[in-house]
Amino acid sequence: IWRLSIMANGTIAFDTLTTSGQITGGTAKSVDTDYLVTGSAKAWVIFSGAAIETPSGRGSLNIASITDNGTGDYNPVYTNNMSDADYSGSLTCHSQRHHNMNSQTTSTVQLLIFNTSNSASDTSGVRMVAIGDLA
């Protein structure tokens, strides 16, 4: 059951989204809007930084640009800022490399990528996600 309210300014407000379509396999047919606000990714990007001057985005959500700071050092810039710098994130890379998310701010996060010899390294298949609250 969901409630739909239309405000004078054109805003649509609701508590739960429910599908009327056929979903099989035990998948939920509704989702509480609190989950959409607090439990889903607020930014993600897939890009290749291998042997190129500027990383090229292959898909993203809430990423305005990617700054290439040098070998293995990138800053994806959020289109809409996070509410604070205490959000969660994850970073993965193609191949067996060491990597971490560093220096988080409300508008960007530094991604550092190293090869197995602990040297800064450009690589393809960089994937980053940020989960938290938007400002």
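The basis for the numbers below is simple: all heavy atoms, side chains too, and nothing from hydrogens, waters or symmetry mates. Remember, predicted model here, so these are calculated numbers, not experimental data.
How far CG of Asp86 is from CD of Gln104: 8.0 Å, rounded to the nearest 0.5 Å. Atoms OG1 and CZ, on Thr71 and Phe114 in that order, are 11.0 Å from each other to the nearest 0.5 Å. Remark: Arg127 CZ to Ser90 OG distance equals 11.5 Å, nearest 0.5 Å. Distance check: Asp68 CG to Leu111 CG gives 11.0 Å after rounding to the nearest 0.5 Å. Note that CZ of Phe47 is 11.0 Å distant from OG of Ser60, once rounded to the nearest 0.5 Å. A distance of 10.5 Å separates NE2 in His99 from OG1 in Thr123, rounded to the nearest 0.5 Å.
Without hydrogens or angle criteria, Asn62 side chain to Asn80 main chain gives a donor-acceptor distance under 3.5 Å. A donor-acceptor contact shorter than 3.5 Å is absent between the side chain of Gln110 and the backbone of Asp73. A donor-acceptor pair is defined here as one N or O able to donate and one able to accept, closer than 3.5 Å; such a pair exists between the side chain of Ser83 and the backbone of Asp133. Within the 3.5 Å criterion, the main-chain N or O of Ser107 finds a donor-acceptor partner in the side chain of Thr105. Judged by distance alone, the side chain of Thr79 and the main-chain N or O of Ala64 form a donor-acceptor pair under 3.5 Å. Under a 3.5 Å cut-off, the side chain of Lys42 and the backbone N or O of Gly132 do form a donor-acceptor pair. Side-chain atoms of Asn115 come within 3.5 Å of backbone atoms of Ser117 as a donor-acceptor pair (strictly under, hydrogens ignored).
Taking both residues in full, the closest heavy atoms of Asn100 and Leu91 are given as O-CD2, 3.5 Å, listed atom of the first, atom of the second, then distance. The two residues Pro76 and Val109 make their nearest non-hydrogen contact at CD-O, 3.2 Å.
The side chain to side chain contact (heavy atoms under 4.5 Å, CB included) test with Tyr74 is passed by exactly one of Ile113, Leu112, Val45: Ile113.
Between the side chains of Asn75 and Thr108, at least one donor N or O sits under 3.5 Å from an acceptor N or O.
Tracing side-chain contacts under 4.5 Å through hydrophobic residues (I, L, V, M, F, W, Y), one never reaches Val77 starting from Val129; they form parts of separate clusters.
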